[in-house]
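The next block holds one structure in the form of structure tokens; read it before the comments.
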Amino acid sequence: MNNLEAVVTQIQGLSSSATDIAALHTHLKQAAELLHLESTRSLPFLEHLDPSIHSLGYLYILDACTSGPTSKEQAKTLVLIFARFITSCAAEQIRLAPDKFISVCKRFKDQVMLLEEPMRGVAPMLAAVQKIQSSSAHLTALHPEFLQLSLLSKCYKIGLSILEDDIFEVDHPRDLFLYSYYGGMICIGQKRFKKALELLHNVVTAPMSSINAIAVEAYKKYILVSLIHQGQFSTSLPKYASAAAQRNLKNLCLPYIELASSYSTGKITELETYVQTNREKFESDNNLGLVKQVISSIYKRNIQRLTQTYLTLSLQDIATTVQLNSPKEAEMHVLQMIQDGEIYATINQKDGMVRFLEDPEQYKTCEMIEHIDGSIQRIMDLSKKLSAMDELMSYDTLYLAKAGRERQRFDFDDFDTVPQKFNI
């Protein structure tokens, strides 16, 4: 084998069965140096291959011929080639060379970013995730890439499609950091604040030997989302959070800690004054949109406090107490909160009175019983998986060797920057 024509001929002749493909893989490994030496003239040879049939060989050649820098003009052609390959390649073939496939997919993302057309990468990257994934519990290196493209193109609903799976297998800890951070931002974009808190919590409490930029940015958003969703924020991190997080996060996020303190007073004017004073800081962090949602949410929290004290209250009294401009504005807030299930109340349009009610859910309908049963089943499944993982760890020689000295820590020092900031 001494030229590209011979390599292409081998690819065409050894792509029909598992045995042939295994033999082809051996030949391609041996030809790797040749492919890279001939990388500048190998792109046209892809026209002789079908990416759905000759997936492994196509991958090797595509990896070699796109390893160098590309111009914006070249990117226009490469994006089409990448997308066609990723969407049509055979999963069982590309999984024989997962690192090459991941590398090619990341280059594809770089090309759509170069063209400033992230939406073009969303569907192919989702296909790539599904093809390289061994199971729905497997977090791959392509998950963060897909979520980043979904964020940039504001395709939040598509991004949500991979966030409901319970993750038990992670290739690299860094992937979990980025997956949780980007996933949290996607949930914020969809106002799925409960799920966003869960994902951002994972970033903030993940093992780290020193503080990193991703954790800092996640903590800022964690504070804001806590205020929006829960109406409060606790500065105490759980005991299982790393010492680095315990020592540094609060000091690095002081404007946000102070914002939470101002919020807790329930005084809207003071909160608005604080936000205006620190507007430049929040804007530079690309968090001003979330901060505005925090301000909006304080009206809801103050109305919720009223439900704990009064059975009935006029819209005028609500507007005065909560510092809204008019009874009509109070009515709009109350109606929205009723619709969102945040309070239970009825409004008498005739006399402008609001009657606050107890939660009408009796937890005995078929739908509720099915929901509770499904939740219990999921918890049981998770418990079984955790028990199995715990048992495997108890026999792991590497773990046992280190457990007596010091619990293993991951090093996240390479997280010196957040790859991309987003406006939500």
Side-chain angles (χ1 to χ4, degrees), residues 4 7-8 10-12 15 21 24-115 117-134 138-150 152 162 171-172 174-175 178-179 419:
L4 286 172
V7 173
V8 171
Q10 280 193 326
I11 293 171
Q12 291 171 331
S15 296
I21 291 170
L24 174 63
H25 195 197
T26 301
H27 292 312
L28 289 171
K29 289 177 182 178
Q30 295 170 351
E33 185 177 354
L34 167 67
L35 291 175
H36 281 279
L37 288 174
E38 298 286 352
S39 60
T40 54
R41 70 181 194 92
S42 58
L43 190 62
F45 285 88
L46 292 176
E47 297 177 5
H48 302 289
L49 300 174
D50 184 334
S52 64
I53 299 173
H54 312 113
S55 304
L56 185 61
Y58 201 104
L59 172 61
Y60 264 79
I61 295 178
L62 185 59
D63 174 60
C65 67
T66 60
S67 58
T70 56
S71 66
K72 198 167 185 177
E73 196 61 35
Q74 291 172 316
K76 294 178 181 178
T77 301
L78 288 176
V79 161
L80 297 173
I81 296 172
F82 277 125
R84 178 171 175 254
F85 168 69
I86 292 170
T87 54
S88 62
C89 67
E92 62 273 13
Q93 290 194 40
I94 57 95
R95 285 180 187 173
L96 295 174
D99 291 341
K100 283 191 181 296
F101 183 70
I102 289 170
S103 178
V104 162
C105 291
K106 288 185 175 182
R107 285 177 206 160
F108 167 63
K109 190 204 80 171
D110 292 340
Q111 301 303 311
V112 296
M113 296 283 279
L114 180 62
L115 295 175
E117 297 177 351
M119 187 174 288
R120 293 180 64 180
V122 173
M125 194 62 74
L126 177 58
V129 167
Q130 294 167 340
K131 288 183 179 184
I132 199 68
Q133 204 175 24
S134 58
H138 176 206
L139 179 66
T140 73
L142 296 181
H143 277 76
E145 308 294 330
F146 165 68
L147 292 175
Q148 186 181 14
L149 288 173
S150 298
L152 288 169
I162 67 169
D171 291 339
H172 303 287
R174 185 176 187 273
D175 299 332
L178 291 173
Y179 166 84

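Numbering of residues begins at 1 and proceeds along the displayed sequence. These numbers come from a predicted model, not from an experiment.
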In Å, rounded to the nearest 0.5 Å, how long is the span from [atom1] of [X] to [atom2] of [Y]?
X: T70; Y: D110; atom1: OG1; atom2: CG; value: 8.0 Å
X: Y179; Y: L139; atom1: OH; atom2: CG; value: 6.5 Å
X: L62; Y: S55; atom1: CG; atom2: OG; value: 11.5 Å
X: Q30; Y: L35; atom1: CD; atom2: CG; value: 12.0 Å
X: M125; Y: Q130; atom1: CE; atom2: CD; value: 12.5 Å
X: T66; Y: I81; atom1: OG1; atom2: CD1; value: 9.5 Å

Tell me whether [X] contacts the main-chain N or O of [Y] through its side chain, where contact means a donor paired with an acceptor under 3.5 Å.
X: S150; Y: F146; value: yes
X: R107; Y: D63; value: yes
X: K100; Y: I94; value: no
X: H54; Y: D50; value: yes
X: S39; Y: H36; value: yes
X: S67; Y: A64; value: yes
X: K131; Y: I86; value: yes
X: Q93; Y: L59; value: no
X: R95; Y: Q133; value: yes

Quick one, [X] and [Y] - any side-chain contact, counting heavy atoms below 4.5 Å?
X: L80; Y: R120; result: yes
X: P98; Y: I132; result: yes
X: V112; Y: V122; result: no
X: F108; Y: P124; result: yes
X: C65; Y: F45; result: no
X: Q12; Y: V8; result: yes
X: L28; Y: V7; result: yes

Heavy-atom closest pair, residues [X] and [Y]:
X: S15; Y: I21; answer: CA-CG1, 3.9 Å
X: D175; Y: A141; answer: OD2-CA, 3.5 Å
X: Q111; Y: A75; answer: OE1-CB, 3.1 Å
X: L114; Y: K72; answer: O-CE, 3.5 Å
X: G57; Y: I11; answer: CA-CD1, 3.5 Å

Partners of T140 by side-chain hydrogen bond (donor to acceptor under 3.5 Å, both in side chains), sequence neighbours excluded? H143
For T40, all residues meeting side-chain hydrogen bond (donor to acceptor under 3.5 Å, both in side chains), sequence neighbours excluded: none
Using 30° and 60° as the class boundaries, would you call the ring planes of Y58 and F85 parallel, tilted or perpendicular? parallel
Lys/Arg-Asp/Glu bridge criterion (N-O < 4.0 Å) met for K76, E73: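 Yes, this pair counts.
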